[in-house]
Amino acid sequence: MMNPFQEHLIASGYFYNESTKIWSGQNFEDISYNDGDNIENRIFKILKNSNDLSSLSDELKLFCTDWPSTYHLSSSRSNILRPFERDLTGDVLEIGSGCGAITRYLGECGGNVLALEGTSRRSLITRKRTKDLDNVTVLSEQFQKFKINKKFDVITLIGVLEYSSLYVSSDTPTLTMLKQIKKLLKPNGKLIIAIENQLGLKYFAGAPEDHIGKPFFGIENHYTKNHACTFGRYDLNNILTSSGFANVEFLAPFPDYKFPSSIITEKGLNDEFFDATYFATQTVINDPQMPRELSFSPQLAWKTIFKNRMTMDLSNSFLILASNKKNISRTEDIIAYHYSSSRAKKLCKSTIFIKNKKNKISVLSERLDLKSAANYHLNGFKNKIIRLQDYHNGDLLLDNFTEVLAKDNWDKDDLKFLLIKYISILEKIIGIPLSHSQNILIDGKYIDCTPQNIIIEDESFTFFDKEWIFDKKICIGYLLYRSLFALTSQTYRLGKTNEKFKKNFIGFFLFSTKLLGWRVSRTELTQYMKLEYQFQKTVRASKFIYKEYCHNMRAELSFFSNLESTKIQLNNMSKEREVFAEELICQSHWGSSINVKYQD
């Protein structure tokens, strides 16, 4: 395949290394940025020894064991660009390819990709991740020195713009960088940016600033020219328009841009017939950078923020589409995207919410891996894609549970009310009495009838997203086990309670069954555990060992917390701020000796 960039690269003084299959200049020098020798060498080795290097690779999911490996190998990384998939088929320039997670997805979209990376080792890693993609060209070069007589249809800055102050020599480095990028775009070209929000909700709650590692650092604007620097929405929009971009469109990724599972458009946030709250509340737990102790619960706070139309301004990250011409919008009538990409590759799917001219919202679901079948039958579990469904507006029953149990001092009456409400809804859906025994058998088609798949609309309710079916009957006791397992897995913080039960999942489950008057035996409990283990093993791509699963079910629920944890967190923050203030006082120039901490 002829390299579409070869002629332009040669004309600009770059040469091709046949051994590494990477382009670079004669006097190329690395920028001073890396994750450390051990980490980057480990990522290179993993990629070198892996057969499936695709963005949804089950093989690579097995190596996501810590923050660096998850960041560089997770299949969730590419979700940030999935809304623009149809735009990524022309000439694409990726600025700052890192270890190739985004590069890989860009190459899979079929465009001609030029991946620009400022360090030699990361260029090698990017090349290794894309070694089977002939449409990807890797260039080792600093952005400030990058010159090419070519314009691009799309340019991406994913987790890169915030570093402009460190690598662009200018009194206004971010503005200068964006102006240079604009010159590289074709007249109808588009710039895609993903960046943390300086004023993101989690940072108000006490999460440390991603690049410096200190709470409130960004919110109080302690940035200097020696720091990576993020921006709030207003400032970022002003910089983009000052750079000459006529059209700037913001989208909100949740939990953030690094591992987004949901992306909401501005239309979606402002639509009175669409409730996007769930996408924010139920993804808090998926943020691997979120500290366990915070000054308040983001999961509870998001509902009020959505209600007051403040979501975009407080979104933890921004996804931005900027273009040279006005009214070039990619999102059209799409109001939200949701991606299930942490599953086994063949089960990964996208869910897109579309509003037509008659204000009707439809839900379109498809496999992310186009080679995967729409229906699967695995270990007795049937998975099917319902391609088109109607959208139902209302409150998730799961949110009813979360709002009560995430608050301190909840008691057995609070939980009993919710459990009875759930069982009552199940009785109406299934059509038989269920409350008197955990052993009542129901059809396996109701295995997905959990609180997260039940929407309450006024006095009515809807069972939706009927994705899974079990080919045998299941007992109602197992369905409750499955429902509470999902509840504890998706709730960021369960409040302190004075109720007496073992503070682990098994203890919580048995306590719940007793409130319903059920007496679950050890044998029955083991059956529930084994069946749910089989289900989780079927869905997941990662190694899932039964012994570890059982241990986790009996491990203390560390997120049972009360207001004392908030006091501890605030006290720790106060001490960190005192140390930080002393550091600043001792410096001749603000920030001159503070190291930049890696969080790409």
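All values below come from the heavy atoms of this structure, side chains included, with hydrogens, waters and symmetry mates left out.
Ring geometry, Tyr533 versus Tyr549: the interplanar angle falls from 30° to 60°, so the pair is classed tilted. The aromatic rings of Tyr391 and Phe274 sit tilted, their planes meeting at an angle between 30° and 60°.
At a cut-off of 3.5 Å, with distance as the only test, a side-chain donor of Ser164 or Thr174 sits close to an acceptor on the other residue. For the residue pair Asn393/Glu457, the side-chain donor-acceptor check at 3.5 Å is not satisfied. A donor-acceptor contact under 3.5 angstrom links the side chains of Asn400 and Lys421, judged on distance only. Side chains of Ser483 and Thr450: a donor-acceptor N/O pair is absent below 3.5 angstrom, by distance only. For the 3.5 Å distance criterion, the side chains of Gln282 and Asp399 qualify, holding a donor opposite an acceptor. With no hydrogens or angles considered, a side-chain donor-acceptor pair links Lys345 and Ser54 at under 3.5 Å. A side-chain donor-acceptor contact under 3.5 Å links His72 and Asp35. When only modelled atom types and interatomic distance are considered, Glu366 and Ser350 share no side-chain donor-acceptor pair under 3.5 Å. Residues Glu108 and Ser55 bring a donor and an acceptor atom of their side chains to less than 3.5 Å of each other. One side chain, Ser69 or Asp66, offers a donor N or O that lies under 3.5 Å from an acceptor on the other. Neither side chain, Arg122 nor Thr126, offers a donor N or O lying under 3.5 Å from an acceptor on the other.
Counting only heavy atoms from C-beta outward, the side chains of Pro208 and Lys214 never approach each other to under 4.5 Å. Residues Leu319 and Ile263 are in side-chain contact: their nearest non-hydrogen atoms beyond the backbone lie under 4.5 Å apart.
A distance of 7.5 Å separates CD in Glu249 from OG1 in Thr265, rounded to the nearest 0.5 Å. In this structure, OG1 in Thr491 is found 10.0 Å from CG in Leu484, a value given to the nearest 0.5 Å. Taking CD of Glu266 as the reference point, atom OG1 of Thr311 lies at 10.0 Å (rounded to 0.5 Å). Atom CD of Gln198 and atom OG1 of Thr230 lie 4.5 Å apart (nearest 0.5 Å).
For Phe217 and His211, the ring centers sit 6.0 Å or farther from each other. Aromatic rings of Phe231 and Tyr223 (six-membered ring for Trp) have centroids beyond the 6.0 Å cut-off, not under it.
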**OP:** Step by step, work out the side-chain hydrogen bond (donor to acceptor under 3.5 Å, both in side chains) result for Asn79 and Tyr337.
**Re:** CA-CA 9 Å; Asn79 291 345; Tyr337 307 80; over 6 Å; no
Subject >> Residues Arg343, Glu467; criterion salt bridge (Lys or Arg N to Asp or Glu O under 4.0 Å); working and verdict >> reply: CA-CA 14 Å; Arg343 305 167 164 190; Glu467 185 183 2; 2.6 Å; yes
**OP:** Check step by step if side-chain hydrogen bond (donor to acceptor under 3.5 Å, both in side chains) holds for Asn316 and Glu196.
**Re:** CA-CA 6 Å; Asn316 293 323; Glu196 298 91 346; over 6 Å; no
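In plain terms, the two heavy atoms of Ile80 and Pro260 that are nearest each other are N-CG, 3.6 Å. Gly206 and Phe216 make their closest contact through CA-CZ, 4.2 Å (heavy atoms, listed as atom of the first residue, atom of the second, distance). Of all heavy-atom pairs spanning Leu185 and Asn324, the tightest one is CB-ND2, 3.9 Å. Closest of all the heavy-atom pairs between Asp87 and Val154 is O-CG2, 3.4 Å. Nearest approach of Lys202 to Asp256, heavy atoms of both residues: NZ-OD2, 3.9 Å. What you find for Tyr446 and Leu479 is that their closest heavy atoms are O-CD1, 3.6 Å.
Figure legend: Arg482 and Phe535 shown as a cation-pi pair, the cationic atom lying under 6.0 angstrom from the six-membered ring centre and within 45 degrees of its axis. Judged by the 6.0 Å distance and 45° axis criteria, Arg233 is positioned over the aromatic ring of Phe250. For the pair Arg77 and Tyr71, the cation-pi test (distance below 6.0 Å, angle within 45°) is passed.
At distances below 3.5 Å, not a single donor-acceptor pair connects side-chain atoms of Ser97 with backbone N or O atoms of Glu94. A donor-acceptor pair under 3.5 Å links the side-chain atoms of Gln299 to the main chain of Gln490, judged by distance alone. For the pair Asp271 (side chain) and Phe273 (backbone), a donor-acceptor distance under 3.5 Å is present. In this structure, Glu117 contributes its side chain and Gly98 its backbone to a donor-acceptor pair below 3.5 Å. Of the possible polar contacts, one joining the Ser317 side chain to the Tyr257 backbone as a donor-acceptor pair under 3.5 Å is found. In this structure, Arg104 contributes its side chain and Arg129 its backbone to a donor-acceptor pair below 3.5 Å. Under a 3.5 Å cut-off, the side chain of Asp448 and the backbone N or O of Asn453 do not form any donor-acceptor pair. Although no hydrogens or angles enter the test, the distance criterion places a donor-acceptor pair under 3.5 Å between the side chain of Lys61 and the main chain of Leu56. The closest donor-acceptor contact from the side chain of Glu209 to the backbone of Ile212 lies under 3.5 Å. At distances below 3.5 Å, not a single donor-acceptor pair connects side-chain atoms of Arg493 with backbone N or O atoms of Leu405.
Across Asn197, Leu161, Val248, a single residue satisfies side-chain contact (heavy atoms from CB on, under 4.5 Å) together with Leu236, and that is Leu161. With Phe254 as the partner, the ring-ring contact (aromatic ring centres under 6.0 Å, His included) test is satisfied by one option alone out of Phe279, Trp302, Tyr278: Trp302.
Note on Asp153 versus Arg86: no salt bridge recorded, every NZ/NE/NH1/NH2 to OD/OE distance being 4.0 Å or above. Ion pairing of Lys360 with Asp390 is present here, as a side-chain N (NZ or NE/NH1/NH2) and a carboxylate O approach within less than 4.0 Å. Of the charged side-chain nitrogens involved, none lies within less than 4.0 Å of a carboxylate oxygen, so that Asp414 and Lys407 do not count as a salt-bridged pair.
Around the CG atom of Asp458, the shell of radius 6.0 Å holds no more than 12 heavy atoms that belong to other residues, nucleotides or ligands.
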